[in-house]
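Here's the structure, in structure tokens; my notes come after.
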Amino acid sequence: MIIAIVNPAACQQRGPEIANALLGAAPRLRLVMSDQPQDVDAVVAMVRQEAPELLVVVGGDGTLLNILTRFERAGAWAHVPPLLVLPAGHINTTATALVGARGPAALAARILRAWGRGVRRLRRVPVQRLEVGGRTERVGVTISVGAAARTHEDYDRALLQGPLGIAEVLARFAVQQLPRDRFRPLGGRVLVDSEPVPLPRVTAGVLSPLPGFFVGVRPFRGVRAVSSEGIHVALSGLGATATQASLPAIVRGHRPPGVNLYFGRHHELAWTSDYRPDIVAIDGELVAITPRTHVRISQHGHVRLLVWRSMPRSGE
């Protein structure tokens with residue numbers, strides 16, 4: 001049996017089309033169309049009881065984040081089945097990296113028909129747990145901190161204004177006119193796997209098992225495959241002006257001359273926030289960090305994700 005959950009709030013007008021494609025490609029499919037938290041909990045309970053061979057997630061990064069977090073909160077992490085994530089939301093980082101960016105209805109039909117023929121292209125992918133003040137907040141795939149998260153907040157607000165709002169933020173970013181406070185360093189010492197980061201300060205960072213976290217954005221140079229153990233970490237340590245000037249190039253895998261960058265693969269990153277409120281972005285969702293709070297990001301087991309795109313292992 002296959003279970004599919006379709007988030008109509010993320011899919012906008014495409015929900016019925018995707019649902020029809022799913023039902024046409026997999027006769028033994030149980031479909032849930034809802035964006036209500038209690039229905040996600042019901043899906044978790046259904047998975048625990050019936051042990052489906054595949055769980056199809058139709059939505060964006062936030063939909064996947066919500067499902068993974070609710071498995072964790074229900075104490076059902078050991079019951080997470082293989083997952084197929086289709087790119088049907090506003091932000092589709094994970095789906096784009098693993099299955100591609102084409103229409104979710106067409107992808108659903110092709111992938112589920114292949115699954116019915118016995119094609120099993122699964123990759124064991126580590127996921128991350130975000131803890132704030134000793135409490136687990138979310139379980140997800142890609143996390144950004146510092147300037148990367150703060151500028152994400154600017155972009156998130158611009159989405160409400162449509163294309164013109166997004167264009168304005170990107171233009172201000174390009175000409176270095178965003179507020180300098182967006183590019184201040186993280187507070188306190190930043191540690192990776194309990195060791196100090198070899199940077200004088202950390203102003204921006206991305207943590208992900210994926211080689212690229214947006215279309216055309218590949219901060220992990222030379223990494224072509226999904227990490228199987230440990231999370232890829234890219235950190236920059238610059239002043240506010242230099243960070244704003246260099247960040248667009250850094251996230252595209254380029255290293256401007258003189259830029260202080262750190263790349264590695266680790267299981268944990270931690271720091272204590274300074275006297276100002278802050279945020280962390282996890283799979284497109286913003287989590288508030290109150291002043292003087294300890295933040296810990298750690299690897300939290302694995303999930304089996306279906307891979308449709310060609311993705312060589314590159315020796316990992």
Side-chain angles (χ1 to χ4, degrees), residues 1-35 40 43-44 46-47 50-68 71 79-127 140-142 208-216 224-228 283-284 302-313:
M1 182 184 71
I2 296 174
I3 296 175
I5 180 165
V6 179
N7 182 354
C11 300
Q12 298 180 349
Q13 305 301 319
R14 296 173 293 178
E17 177 191 3
I18 300 169
N20 288 333
L22 290 167
L23 292 169
R28 297 185 303 112
L29 182 137
R30 184 171 297 183
L31 179 67
V32 178
M33 291 192 68
S34 176
D35 57 358
V40 178
V43 168
V44 172
M46 189 189 309
V47 167
E50 304 194 22
E53 61 189 82
L54 183 67
L55 175 60
V56 182
V57 179
V58 184
D61 288 345
T63 304
L64 176 62
L65 173 74
N66 186 35
I67 289 172
L68 294 178
F71 268 102
H79 299 274
V80 179
L83 295 166
L84 164 60
V85 186
L86 294 172
H90 297 293
I91 301 176
N92 303 292
T93 306
T94 301
T96 298
L98 299 177
V99 303
R102 63 178 296 176
L107 276 171
R110 291 186 64 189
I111 295 173
L112 288 189
R113 289 194 182 105
W115 183 273
R117 296 194 302 269
V119 177
R120 300 290 186 269
R121 298 177 63 182
L122 296 171
R123 183 68 59 83
R124 192 167 170 265
V125 177
V127 294
V141 181
T142 295
S208 180
L210 307 176
F213 57 94
F214 285 118
V215 177
R224 300 178 65 192
V226 171
S227 171
S228 58
D283 286 341
H302 296 77
V303 291
R304 289 169 294 165
L305 291 171
L306 192 146
V307 176
W308 189 249
R309 294 182 60 184
S310 176
M311 192 170 292
R313 295 184 180 274

State, yes or no, whether a side-chain contact exists between [X] and [Y] at a heavy-atom distance under 4.5 Å.
X	Y	answer
Leu22	Leu112	yes
Leu98	Leu210	yes
Thr93	Val141	no
Ile67	Ile5	yes

Original post:
Only one of Leu83, Leu86, Ile111 clears side chain to side chain contact (heavy atoms under 4.5 Å, CB included) with Leu306; which?
Top reply: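 It is Ile111; the other options fail the test.
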Between [X] (side chain) and [Y] (backbone), is there a donor-acceptor pair under 3.5 Å?
X	Y	answer
Asn66	Gly62	no
Arg120	Trp115	yes
Asn20	Glu17	no

Testing the basics here: between [X] and [Y], what is the closest heavy-atom pair and its distance to 0.1 Å?
X	Y	result
Gly100	Pro87	O-CG, 3.5 Å
Glu53	Ile2	CG-CG1, 3.9 Å
Ser208	Thr142	OG-OG1, 2.8 Å
Pro126	Pro209	O-CG, 3.3 Å
Thr94	Asp61	N-OD1, 3.3 Å
Arg121	Trp308	NH1-O, 3.2 Å

Original post:
So Thr63 and Val58, side chain to side chain contact (heavy atoms under 4.5 Å, CB included) or not? Walk me through it.
Top reply: CA-CA 8 Å; Thr63 304; Val58 184; over 6 Å; no
**OP:** State the NE2-CG distance between His79 and Leu55, to the nearest 0.5 angstrom.
**Re:**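 Here the rounded value is 14.0 Å.
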Original post:
Rounded to the nearest 0.5 Å, what separation is found between the CG atom of Leu122 and the CG atom of Leu54?
Top reply: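 Here the rounded value is 7.5 Å.
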